[in-house]
Each structure stands twice: as structure tokens, then as C-alpha cells.
Amino acid sequence: MFKAIVIGTSYGGPDALKIILPRFNTGFPVPVIIVLHIGDHNNDVFIEYMNSICFLKVKEAESNEKISEGFIYFAPPNYHLLIESDYTFSLTTDQKHNYSRPSIDILFESAAWAYSNSLIGVVLTGANSDGAAGLKMIKEFGGMTIIQNPCSALSPAMPRAALKIAKPEIRLKLEEIADKLIELVEFKG
């Protein structure tokens with residue numbers, strides 16, 4: 001049974017997330033935790049917009065905050081977002097990783113340690129290789145790994161790197177990802 005979903009995306013990510021996140025209805029049983037590379041820009045307007053189109057509450061993650069279902073959390077700009085073993089967030093301003101802060105790899109690796117085989121990792125469109133090593137770690141810890149098909153990505157570099165390094169179990173068109181995530185977390189078998 002899955003307990004969390006982590007998503008990493010960069011160039012083209014806002015549009016990709018607008019397709020996926022509104023599909024999760026009230027009562028969606030796991031938190032969704034996202035690193036979106038936006039540089040130094042504030043993401044308040046994007047979060048406000050996502051709140052207007054999503055059923056789940058969309059917010060920036062806060063240090064020491066308990067991770068809860070019914071929420072979509074975004075890493076704040078210029079902070080690495082980590083998940084602690086007690087399922088709370090921590091934030092750091094350590095040096096950039098893969099030219100990025102927040103780093104998808106750092107979120108994914110800490111999530112793999114915290115959630116082990118009850119984690120789903122997703123890499124979407126993006127212009128660098130951030131997320132590939134983290135997705136590999138999620139797979140090594142027994143979690144489920146998914147990438148957007150590079151052929152359908154606005155920027156295929158990130159899912160292509162994840163495909164090469166992590167060898168994810170599932171590769172889907174952007175429009176298919178939400179349905180697959182719903183199927184995985186709501187499966188009662």
C-alpha cells in the first residue's frame with residue numbers, strides 16, 4: 001500500500017501539473033510532494049491558481065510540518081525539501097544539486113529513506129538530469145517508479161535521463177499519468 005507520491009519536473013512542468021493534479025479528487029488517500037524548478041521566482045501565484053483548479057489543498061511545504069493526505073505540497077523556491085523518518089518536512093539551503101535548489105534528487109532520496117517500498121516517484125518533463133538518481137534510489141528501496149514518456153514531454157531530457165539511469169517500471173503519456181496514480185493508490189487488493 002502506497003503512502004506518498006513524489007513528483008519532479010522542470011521546464012514545461014507547470015503545464016504538465018495542470019493536467020495531472022486536478023484529477024485527484026477529495027479523499028485522495030496519499031500526499032503529493034513536488035519539486036518544480038522555478039529558479040528564484042516566487043510560486044505563490046501558481047499555488048493560488050492550482051488551488052482554484054484542484055480538489056486537494058495546494059501549499060508550500062513548511063519546515064517541521066507533518067505530511068498529511070489531502071494535500072499537494074510544493075518545495076519552496078531556493079530550499080531543498082527533505083522528508084524526515086517521522087514524516088515531517090525539513091528545508092535546507094545547502095548548495096545546489098544538479099544546478100538546482102530545490103533538487104528533485106534530494107527530495108526523492110530522502111523520501112525513499114522515509115517511505116521505502118510505500119512510495120511512488122514520478123519524473124515529468126524537464127531540461128536537465130535532476131531526478132534520475134533519486135528515482136533510481138526509490139526503485140532500489142522497492143518503490144514504484146514512473147516517468148512521462150520522453151516523446152510526449154515538452155522537454156525530454158529529464159525523463160530520458162531517468163529512463164536511462166533508473167529504468168522505471170512505467171512509462172506513460174502525460175495524459176495517462178493521473179489515472180495510473182489513482183489506480184495505484186486506490187487499489188484495495
Side-chain angles (χ1 to χ4, degrees), residues 4-24 31-50 53-54 58-61 72-83 89 91-112 119-139 143-168 170-178 180-181:
I5 296 169
V6 289
I7 298 175
T9 187
S10 182
Y11 183 73
D15 289 335
L17 293 170
K18 289 176 195 175
I19 291 171
I20 295 171
L21 300 180
R23 299 286 313 282
F24 303 147
V32 181
I33 305 154
I34 300 167
V35 165
L36 168 63
H37 292 164
I38 58 167
D40 296 337
H41 305 288
N42 185 304
N43 61 11
D44 290 349
V45 172
F46 182 69
I47 287 176
E48 185 178 321
Y49 173 74
M50 293 305 290
I53 65 169
C54 291
V58 183
K59 69 183 300 293
E60 257 184 22
I72 297 168
Y73 299 97
F74 278 87
N78 276 318
Y79 287 91
H80 292 306
L81 179 63
L82 294 95
I83 298 174
F89 290 120
L91 302 172
T92 73
T93 55
D94 291 345
Q95 68 184 44
K96 292 183 177 184
H97 178 76
N98 282 331
Y99 309 102
S100 303
R101 187 177 55 225
S103 163
I104 299 165
D105 280 334
I106 288 174
L107 169 64
F108 281 16
E109 290 168 6
S110 68
L119 180 67
I120 301 171
V122 183
V123 171
L124 302 175
T125 179
N128 66 20
S129 64
D130 193 20
L135 199 69
K136 182 179 181 190
M137 182 175 275
I138 290 171
K139 185 175 181 181
M144 177 67 64
T145 53
I146 299 172
I147 61 162
Q148 178 180 357
N149 189 325
C151 299
S152 75
L154 181 61
S155 182
M158 192 176 286
R160 194 172 283 144
L163 180 63
K164 181 180 179 184
I165 293 168
K167 298 177 179 35
I170 301 171
R171 180 185 351 176
L172 298 168
K173 293 179 185 172
L174 179 63
E175 298 76 17
E176 300 170 328
I177 292 173
K180 176 50 83 174
L181 292 171

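Within the 4.5 Å cutoff, no side-chain heavy atoms of Thr92 are placed close to those of Ile106. Side-chain atoms of Leu91 and Leu81, non-hydrogen and from C-beta on, do get closer than 4.5 Å to each other. Between Leu174 and Ile20, the closest side-chain pair of non-hydrogen atoms falls below 4.5 Å. Looking at Val58 and Leu21, their side chains never come closer than 4.5 Å, going by heavy atoms from C-beta outward. You'll find the side chain of Thr145 stays beyond 4.5 Å of the side chain of Lys167, heavy atoms only. Side chains of Ser103 and Val35 form no contact here, defined as non-hydrogen atoms less than 4.5 Å apart. Taking the side chain as every heavy atom from C-beta outward, Ile146 and Leu181 approach each other to under 4.5 Å. In this structure the side chain of Arg171 reaches within 4.5 angstrom of the side chain of Pro150, judged on heavy atoms.
Proximity of a side-chain donor or acceptor of Asn149 to a complementary backbone N or O of Leu172 within less than 3.5 Å is not detected. Thr125 contributes a side-chain N or O that, together with a main-chain N or O of Ser155, makes up a donor-acceptor pair within less than 3.5 Å. Within the 3.5 Å criterion, the main-chain N or O of Ser152 finds a donor-acceptor partner in the side chain of Gln148. Although no hydrogens or angles enter the test, the distance criterion places no donor-acceptor pair under 3.5 Å between the side chain of Asp130 and the main chain of Met158. Not one N or O on the side chain of Glu60 forms a donor-acceptor pair closer than 3.5 Å with the backbone of Pro76. Looking only at distances, no side-chain donor or acceptor of Arg101 sits under 3.5 Å from a matching main-chain atom of His80.
Considering all non-hydrogen atoms of both residues, Ile147 and Ala162 come closest at CG2-CB, 3.7 Å. When all heavy atoms are compared, the tightest approach of Ala157 to Ala127 is CB-C, 3.9 Å. The two residues Ile72 and Cys54 have their closest heavy-atom pair at CD1-SG, 4.3 Å. Between Ala112 and Leu119, the shortest heavy-atom distance links the atoms N-CD2, 3.6 Å. Residues Gly131 and Val123 share a closest heavy-atom pair of O-CG2, 4.0 Å. Heavy atoms only, all atoms of each residue included: Ile83 and Ala111 are closest at CD1-CB, 3.7 Å.
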* Asked: After noting the C-alpha distance and the side-chain angles of Thr93 and Tyr79, does the key distance pass the side-chain contact (heavy atoms from CB on, under 4.5 Å) rule?
  -> CA-CA 5 Å; Thr93 55; Tyr79 287 91; 3.5 Å; yes
* Would Phe74 and Leu17 satisfy side-chain contact (heavy atoms from CB on, under 4.5 Å), going step by step from the backbone distance to the final call? -> CA-CA 11 Å; Phe74 278 87; Leu17 293 170; 3.8 Å; yes
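Annotation: the span from Leu82 atom CG to Glu109 atom CD amounts to 9.5 Å, rounded to 0.5 Å. Considering CD1 of Ile34 and CG of Asn43, their distance stands at 10.5 Å, rounded to 0.5 Å. Summarising the geometry, atom CD1 belonging to Ile7 is positioned 10.5 Å from atom CD1 belonging to Ile104; distances are rounded to the nearest 0.5 Å. Distance check: Tyr99 OH to His37 NE2 gives 12.5 Å after rounding to the nearest 0.5 Å. Between the OG atom in Ser10 and the CG atom in Asn128 there is a gap of 5.5 Å [rounded to 0.5 Å]. Here the CG atom belonging to Leu107 is positioned 13.0 Å from the OH atom belonging to Tyr73, to the nearest 0.5 angstrom.
For Phe46, the CZ atom sits in a packed shell: over 12 heavy atoms of surrounding residues, nucleotides or ligands are nearer than 6.0 Å. Remark: Lys173 NZ is loosely packed, at most 12 non-hydrogen atoms of other residues, nucleotides or ligands lying under 6.0 Å away. Other residues, nucleotides and ligands place more than 12 heavy atoms under 6.0 Å from the NZ atom of Lys139. By the neighbour-count criterion of 12 heavy atoms within 6.0 Å, atom NZ of Lys164 is sparsely surrounded, having that number or fewer from other residues, nucleotides or ligands.
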